[in-house]
Structures are given as structure tokens and as C-alpha cells.
Number of protein chains: 2
Amino acid sequence: MKKYLKILRECPLFSGIEEENLLRMLTCLGARVESFDKKYTVIAEGNPAKYIGIVLTGSVQIVRIDYFGNRSILSEIYPSELFGEAFACAEVDAIPVTVIANEPSEIMLIECAHILHTCENNCGFHQQLIFNLMKDLATKTILFHQKMEITSKRSTREKLMTYLMMYAKKVNASRFEIPFDRQELADYLEVDRSGLSAEISKLRREGILESEKNTFELL
Amino acid sequence: MKKYLKILRECPLFSGIEEENLLRMLTCLGARVESFDKKYTVIAEGNPAKYIGIVLTGSVQIVRIDYFGNRSILSEIYPSELFGEAFACAEVDAIPVTVIANEPSEIMLIECAHILHTCENNCGFHQQLIFNLMKDLATKTILFHQKMEITSKRSTREKLMTYLMMYAKKVNASRFEIPFDRQELADYLEVDRSGLSAEISKLRREGILESEKNTFELL
DNA sequence: CTCGTTCTGTTGAAAATTCAACAGATTTAT
DNA sequence: ATAAATCTGTTGAATTTTCAACAGAACGAG
């Protein structure tokens, strides 16, 4: 576990926890680490939502696929970030999304019940963990609001431009690389891929942006 | 305050709090009650997100209106439910949505900082309140997932049917009244109103549903 | 290095959404 | 009760999106 300390210290779940206590706490929580190859399923839709996941290395996508196979990408999770916490904390009996490794990834899994309920050792950090979870869930809610601001736009162009402008603001640069290929971007924006490609070309012709592969520059 | 006890006991923020402690706690938290007429703004976009609101009577809508005046309805909040908690807990400096009274409503407002930080009286309920907020935020995240499941559908028909089927499941009845008029439903589903009306008529002609005003029956 | 797979941009046709306008129904205000 | 305002369903035209198909580019495996 020791080699993950650097990442775990950045994890919002453990903020305010002293490093010397962290390893002990992980044992107490029954944390375990699993590895997943690219495209492998970390948690499948329909399973009980018992675990909170922490990305240690690599990244995962939270996706939902409907009856007709349409994929919708809800978010991407990077090292030190959490996933599954909302479903675990709300104690829903089946998780409605699938978590897929985006690349070879190491994932820490912690049974949520171990966090929420005081352990026999009474290790005393539960209050801090619950506070951290609350903060994290509030932040996630904000992120969902942002995603809904994007997808609530009615046209492909508006969705794309809203996304790019938000991303530019987030990284504080007018030139940046996005974490999606075309199909993934389309599934995130909830539009048709070919229409998205066409729109990007159009924006380029109109001099509104430059782009090359996944790198964009707003002009 | 006493007359609101019945509703406040149902409020997820206060679950696990003894009734005899509730009134005292409200004073400690500096809770206050304000009244709003129909269509009046409870909290306007852009203001600092300091307050958690609790609907006591009536109801409010959480809406976002973009540059071009397109309205998007994010959710409706009914008595004993919370709003604004995500923005307040995440301590964002400007709330990105507007809260509007749906009908004459009484709203309790509590400064979030009073909940998160232990008060001078050390009244000892903060841990429970923080746990409750965490639970509430997890539940809200689930609700957002459901809304995104609706709006991620590509056609008006699919959005409408997904919404109606979810609503039927929620109230456990195939015949039910929805809380939206046509324009509001369109703004919630993020589609064009006239197209929505047309789609409802079409579904009725096809024998898939019955409807009269805001009452629907799935066949 | 080569072959096979995946990704991307383009295109045209079909389908759906949006938009504006309107008339009848319903609700609200006086 | 009447008038004014709002809400709803319909329609047709303009615009967009979706869908399927394809060819070249980029990538990965062996």
C-alpha cells in the first residue's frame, strides 16, 4: 500500500487525515487494490453498490448504455479521485452505471459500510471521512450541473462550444487537449459522431477554432 | 417555528434528531423563515451560495436560464425537502441556478456555515447534521442520474416515455398526474413544447397512452 | 514492415426537431 | 359575468440531426 501514499494523500476522501494514520486506517477499512486492463469492467451495471472506488493509476469512465446500445459517458475519473460513492452512500441496491478502465489502471476498493459505521476498533476517523464524503458529493453535484449545462443545449454546435469553453476555463488556457476521442466526445455531449466531426470542421472553416486530433484552440 | 415541526421532522437534514432538540437547534443555527408569492425568486443566480433552503409549504423550482433565455428546469422541491445544499456545501462563490417559488411558499433558510462548523455552544448535533447532508447529497446525485437518463435520450418520444415510465414507477401507478404543465415538461425534458404536444397526441393515437391535461395513463 | 483494425471526416438521404403563427380552450383578474 | 391573459394542440416550413456507407489516416499486433 505504501507506494500509493502519494496519491492517496491527494484523495478528497482522506483530506485532513495525517499520513501516519492513513495506512492503519486503510487496513481498518479493509481497503484492497485491484488491477484492470484497458477496456475491462471495474464495476458492472446492476451489481449491488457496496464499494467506493479510488483511482490510483490510470483512469476510468463512468458510462451508461441503454437498451439499444447507445453509450452515454457520464464522467472520467483520474488518480486520487473517487467513483461510486453516491450509489454506495445512498445504499441503492443496484448500481445503474458501468465503470470501465480507460487504460491499464489500479483501483482501490473500500466497502462503504466500513466508512459509514464506526468500526470495533473505534478508530475515530469516521467523522472526518463522513465530512470528506459530504464535501466530495457536493463537488460531484456541481460537476453534474456543469454537464447538464452542456447537454441541455439544443444543438451540436452549442454543446461542443459550451464544453470547449468550460474546458478552456478549467485548464486556464485557450489551447488544450481533451481526454476524449471523437466517438467518446460525441457520447459525452450526447450527439451523433459524424455530425460532431462535421461541426468541428465547420467551426474551423469559420475561424472559430483550430483543432488537430484531440487538441483544440479557441480563437 | 413550532407549527413547522411536523414538516421539519420529515426533513432529511434533521433525521435522527429528537424533536425536543430540534427547536433549540434551529435557534442555534440561526434558521429563519421567509414567504414567497408564486413566481417570486427565492434565490437568484449569481448570488453567493451561503444558504441551505428547506421548503416548508408550497414548492419551488430549480431552473437555469441561458444567454438566449432558454429555460431548463432541473428539479422541483416539495415540503420537507432541501435545496441549495450542494452549492453551499461545496462553498462555490456564485450559485449557478435560480430558485423560484412555484406557488405561495414558506421557506426556511439556514446559513450553511452554521451547520458545518461547530458552534460556540458546542451543541453537539453537527456530526449528525453532516451525516444527514452526506446522505441527502448522495440521494440528490441519484436523482440527477435519473434526470440525465431522461435527457440523454435522443428523441422527444424517448425522453417523454422514459420520464413517464419513471414517474409511474415512482408513484407505483399506471395512472398519475405530473407536476408540470406542457411548457414546464418541455423545459424539464429539454425539448420543444409544440413538438412535445404533437408527440403526446401521436402516442395517444397509437394507443400507447391516455392523457388529459397533466394526467397520464400508460396502457 | 505489413496487415488488419480502428478512427476520422465527408457525403447524401431520411427523419426529427425547432420555430413561428394561430385558434380554441382554460384560467385569472376585475 | 366578462374581458384579458395564458395554455394547448396543430400545422407547415426551415433547419438540424441522425443514420449508413465509404475512403483515407492512424495505430497496433505480429
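Chain letters run A, B, ... following the sequence lines, proteins first, then strands; residues in each count from 1.
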Let me know, please, whether B/Arg157 or A/Ser194 comes out on the 5' side of the other along DNA chain C by nearest nucleotide. A/Ser194

Roughly, in whole Å, what's the span from CG in B/Leu189 to C1' in C/dA16? 16 Å

What nucleotide among C/dC19, D/dG9, D/dC19 has an atom nearest to a side-chain atom of B/Arg193? D/dG9

To the nearest Å, give me how far apart CG (B/Asp187) and P (D/dC7) are. 11 Å

With the side chain of A/Val191 defined as its heavy atoms from C-beta on, choose the nearest nucleotide among C/dC19, C/dG9, D/dT18. D/dT18

So does A/Lys153 pair up with A/Glu158, basic N to acidic O under 4.0 Å? no

Distance from B/Ser211 atom OG to B/Arg175 atom CZ, nearest 0.5 Å? 10.0 Å

Could you check which of D/dT8, C/dT10, C/dT8 has an atom nearest any side-chain atom of A/Asn214? C/dT8

Atom pair distance, as rounded to whole Å: CD in A/Gln183 and C1' in D/dA26: 17 Å

Spacing of B/Lys39 atom NZ relative to D/dA5 atom P, expressed in whole Å: 13 Å

Think B/Thr156 has a side-chain N or O under 4.0 angstrom from the OP1 or OP2 of C/dT17? yes

Between D/dT11 atom C1' and B/Arg205 atom CZ, what is the distance in whole Å? 12 Å

Looking at B/Lys140 and B/Glu85, is any side-chain nitrogen of the basic one under 4.0 Å from a carboxylate oxygen of the acidic one? yes

Distance check: side-chain N/O of A/Ser201 vs OP1/OP2 of C/dT10, anything under 4.0 Å? yes

Mind checking whether B/Phe87 and A/Thr141 have side chains closer than 4.5 Å, heavy atoms only? no

Do A/Arg204 and C/dG9 have a side chain to base donor-acceptor pair shorter than 3.5 Å? no

OP1 or OP2 of C/dA16 less than 4.0 angstrom from a side-chain nitrogen or oxygen of B/Arg154, does that happen here? no

Of A/Asn70 and A/Lys213, the one whose closest DNA chain D nucleotide lies more 5': A/Asn70

For B/Asp192 and D/dT16, give me the distance from atom CG to atom C1', rounded to whole Å. 13 Å

Evaluate the side chain to side chain donor-acceptor pair (under 3.5 Å) criterion for residues B/Ser59 and B/Glu76: first the C-alpha distance (whole Å), next the side-chain angles of each, then the deciding distance (0.1 Å), finally the verdict. CA-CA 7 Å; B/Ser59 63; B/Glu76 285 209 333; 5.2 Å; no

Roughly how many Å is it from CD in B/Glu190 to P in C/dT18, rounded to a whole number? 10 Å

Any A/Arg182 side-chain nitrogen or oxygen under 4.0 Å from OP1 or OP2 of C/dG9: yes

Which part of the nucleic acid, if any, lies within contact of B/Asp181, taking any heavy atom under 4.0 Å across all strands shown: a base, the sugar-phosphate backbone alone, or nothing? sugar-phosphate

Nearest-angstrom distance from the residue atom NZ of A/Lys38 to P of D/dC27: 12 Å

Can you see if the side chain of B/Ser155 gets near the phosphate of D/dT18 - specifically, an N or O under 4.0 Å from OP1 or OP2? no

